[in-house]
Visitor: 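Structure below; questions to follow.
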Number of protein chains: 2
Amino acid sequence: AIPSLKNSTAPSTPAPTPAPPPPASPYKSSELPMVYLNKGQFYPITLQGVDSSACLTATKVKTVVMAVFENDKSPEMQLRFWNHWHARQPTVKQRVIDIADYKEVFSGISNIEEVAFNALSFVWNPSEEAKVYIGINSLSTDFSSQKGVKGLPLNLQIDTYDFSSGTNQLIHRAACQIKIFCDKGAERKMRDEERKRSKRRGKNSNDSLVSSSMGSDCTFFQTLDDHVTQPVLFIPETHLSSLQRMRFSFSRSSMKRLYPDRDQNSSPPSKQARKEDPQRVLLYVRTGAEEVFDALMLSTPTLSGLQEAISEKYGMQKDTIGKIYKKCKRGIFVNMDDNIIEHYTNQSAFLIEMSEVVSGQIQVTLVEV
Amino acid sequence: AIPSLKNSTAPSTPAPTPAPPPPASPYKSSELPMVYLNKGQFYPITLQGVDSSACLTATKVKTVVMAVFENDKSPEMQLRFWNHWHARQPTVKQRVIDIADYKEVFSGISNIEEVAFNALSFVWNPSEEAKVYIGINSLSTDFSSQKGVKGLPLNLQIDTYDFSSGTNQLIHRAACQIKIFCDKGAERKMRDEERKRSKRRGKNSNDSLVSSSMGSDCTFFQTLDDHVTQPVLFIPETHLSSLQRMRFSFSRSSMKRLYPDRDQNSSPPSKQARKEDPQRVLLYVRTGAEEVFDALMLSTPTLSGLQEAISEKYGMQKDTIGKIYKKCKRGIFVNMDDNIIEHYTNQSAFLIEMSEVVSGQIQVTLVEV
DNA sequence: TTGGAAACCGGTTTTCAC
DNA sequence: GTGAAAACCGGTTTCCAA
């Protein structure tokens, strides 16, 4: 029996909760059911519509399956985690979440789209059961290079939108917690927990041996009433241009979350102030008149180091260099600062533009290419 | 009782070995005694000269204490390990090996020098006992970012040179293996080993309980007969310029094995030694017509050195080589310069394209493969 | 030969005695 | 509270039976 997690979309009427919950409060991840998975392994998720008023009218719905962090983590932190993971993958194409694309396992779904690296969507008819096979390609321990520590759980969140009406309204949201292990680590984790549980039972002489005879082979997602919190989608910067060409159906609000300002630093999450990877920084620049790039190796990965390298390469006094801007592929201008230089410019290629805005002061713009 | 490792320099006459060992064969690290240490903790090493003929004549000796990898690892690999470690340190100043600089613990030594990041030296009189406190700042697990794997042992090697005569000859070499742990990991490792040993004893019903009552508090370094193998010293590239100013004596040693020269005499540590040997750069090139790569060894890791190597390999006058470009995998062209050559081409493979753009001027393009 | 379970490994966290 | 020991954690390796 393959460990399977099945999801029952809209298992009952929209208001089964006994007491009215605070409507806008983000849900607590810790209250969600937890499932252990193995990295890269496909698990079936079953979707079925039920007697919800919204579902009755909808003949077509769009469901988005996402792997996101526990929602007590800020978007900035979530993106930092994803970037940490992405930078260590064997290929830049590696996605967080995959759907098995074997023809025989498609069941009642269509229009599969890779919305983000950690999200994919498809369309189905809630009057018929649908089944998809989902795999996760990140380990829960991949978000930190620290050794010997607990992995980070993710939320597997499933949002469903009314796709038959023109409104495209979010009509259902459900989630569960997942922890992703190496090899057959999920099975070992369950074994170890069972072992510990039985040891504790033996000590307590509590013979409730019928209660947990076996972990159920099927986990139900928990329906969420919080339809407000926006999930944080992850798209690596290297893929931005291709994605800009894609039309995808999400609102500005989620777009905003994708690209927070990175220059304002947030406090490191771990008390351990170990620097990430203080590597050498090398960048390639060319003027508009040239066709070939020059290499700038920075003595230090700082604004000052960049000024020094530019002044040396182009034979200027260092102090004649005024402000340095970075023009991103997206078109926006950013004040160059130490963090961008250290973390986001190594091995990048730029067009360099210099103009004397004030007498004796050269303004430099590095245009990302 | 602080776990201490004490070293007895030259514990007997120079030829205590029963059978003549192969003189030039590198010693086996696996046969050296193993000691467990905690990172950043100081351990005493005691040095004492004995009735060796060489020692009798020497009133001053220079001893070099080094942390090096097991000598089955190539110099390239050793430097890669050290760079991996160094790039992840909180500060670029962090050294591998430190000596306690409290005045009160100095005992009979003088002229302390930080020969390399993983080596330091001092002078002492072998007719009196000397004692130094040594600490190691790298974990055995720091040389890989893989989780859950065994750490790499290091060799703590102690070379002693005759410093009273003018010859500065290597008169004694000793080493032991060390494994460096976090926090109190060394003690735990010893506990675990003792536990496992006692469990195995219980199973074998072999009651030799007197044999290993306690791990001895003092470990003797093993004297080595291999006085030929050169230890690999580590100096980060970011420190080269400042070190050049210091007129360093040992830096050439790491390259000794790679490019053996006729200068076979074991060069003693002299303050006014030869010129600094920069990092050697080797790259592989082939023309479109060939199927096999040629190796270009650069005399200096500079544009000029590259021109020289190309001209020699392809039988041209050096001054006929004009501009050299590098075409990156991404497709962009870069003006080749010293920094790229020194830091980003070693062991890389290229297609080489040459074309005579101007009469008597060959333009070279190295296409990254 | 393989695949499933247990052991290994060592950084980290928790526990516990003083 | 403090220091030592044990437990936790999960990637990795070894072991062992079918």
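Within every chain, numbering begins at 1; the chains are lettered A, B, ... in the order of the sequence lines, protein sequences first and strands thereafter.
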Visitor: Extract, from 5' to 3' on DNA chain D, the first and final nucleotides lying under 4.0 angstrom from some heavy atom of chain A.
Guide: D:dC9 to D:dT12

Visitor: Rounded to whole Å, please give me the gap between NZ in A:K196 and C1' in C:dT14.
Guide: 12 Å

Visitor: How far does the helix from C:dT1-D:dA18 to C:dC18-D:dG1 bend, going by the axes of its first and last five pairs, to the nearest 10°?
Guide: 40°

Visitor: Apply side chain to side chain donor-acceptor pair (under 3.5 Å) to A:S74 and list each qualifying residue two or more places apart in sequence or on a separate chain.
Guide: A:E76

Visitor: When all nucleic acid strands are considered with a 4.0 Å heavy-atom cut-off, which category describes A:K39: base, sugar-phosphate, or nothing?
Guide: nothing

Visitor: Are any of the side-chain nitrogens in A:E194 or A:R191 under 4.0 Å away from the carboxylate oxygens of its partner?
Guide: no

Visitor: In residues 135-143 of chain A, what donor-acceptor pairs under 3.5 Å come from side-chain atoms, sequence neighbours left out?
Guide:
from: A:N137; atom 1: ND2; to: A:R95; atom 2: O; distance (Å): 3.0
from: A:N137; atom 1: ND2; to: A:D98; atom 2: OD2; distance (Å): 2.8
from: A:S140; atom 1: OG; to: A:L152; atom 2: O; distance (Å): 2.7
from: A:S140; atom 1: OG; to: A:I180; atom 2: N; distance (Å): 3.0
from: A:D142; atom 1: OD2; to: A:L139; atom 2: N; distance (Å): 2.9

Visitor: Taking side chain as C-beta onward, heavy atoms only, is B:L120 less than 4.5 Å from B:V64?
Guide: no

Visitor: C:dA5 P sits how many Å from A:M190 CE, rounded?
Guide: 10 Å

Visitor: Without decimals, in angstroms, what is the distance between A:N38 CG and C:dA5 P?
Guide: 12 Å

Visitor: Among residues at least two apart in sequence or on other chains, which ones pass side chain to side chain contact (heavy atoms under 4.5 Å, CB included) with A:K189?
Guide: A:Y36, A:F181, A:E193

Visitor: Return the 5'-most residue of the pair B:G148, A:K147 with respect to DNA chain C, ranking by each residue's nearest nucleotide.
Guide: B:G148

Visitor: Taking C-beta and beyond as the side chain, do A:F69 and A:W82 meet within less than 4.5 Å on heavy atoms?
Guide: yes

Visitor: Is any side-chain heavy atom of B:D192 less than 4.5 Å from a side-chain heavy atom of B:R188?
Guide: yes

Visitor: For C:dT12 and B:R188 - does any side-chain N or O of the residue sit under 4.0 Å from the phosphate oxygens OP1/OP2?
Guide: no

Visitor: Residues two or more places apart in sequence or in another chain: which of them pass side chain to side chain donor-acceptor pair (under 3.5 Å) with B:Q94?
Guide: none

Visitor: Between A:R191 and B:D192, which has a closest nucleotide on DNA chain C that is more 5'?
Guide: A:R191

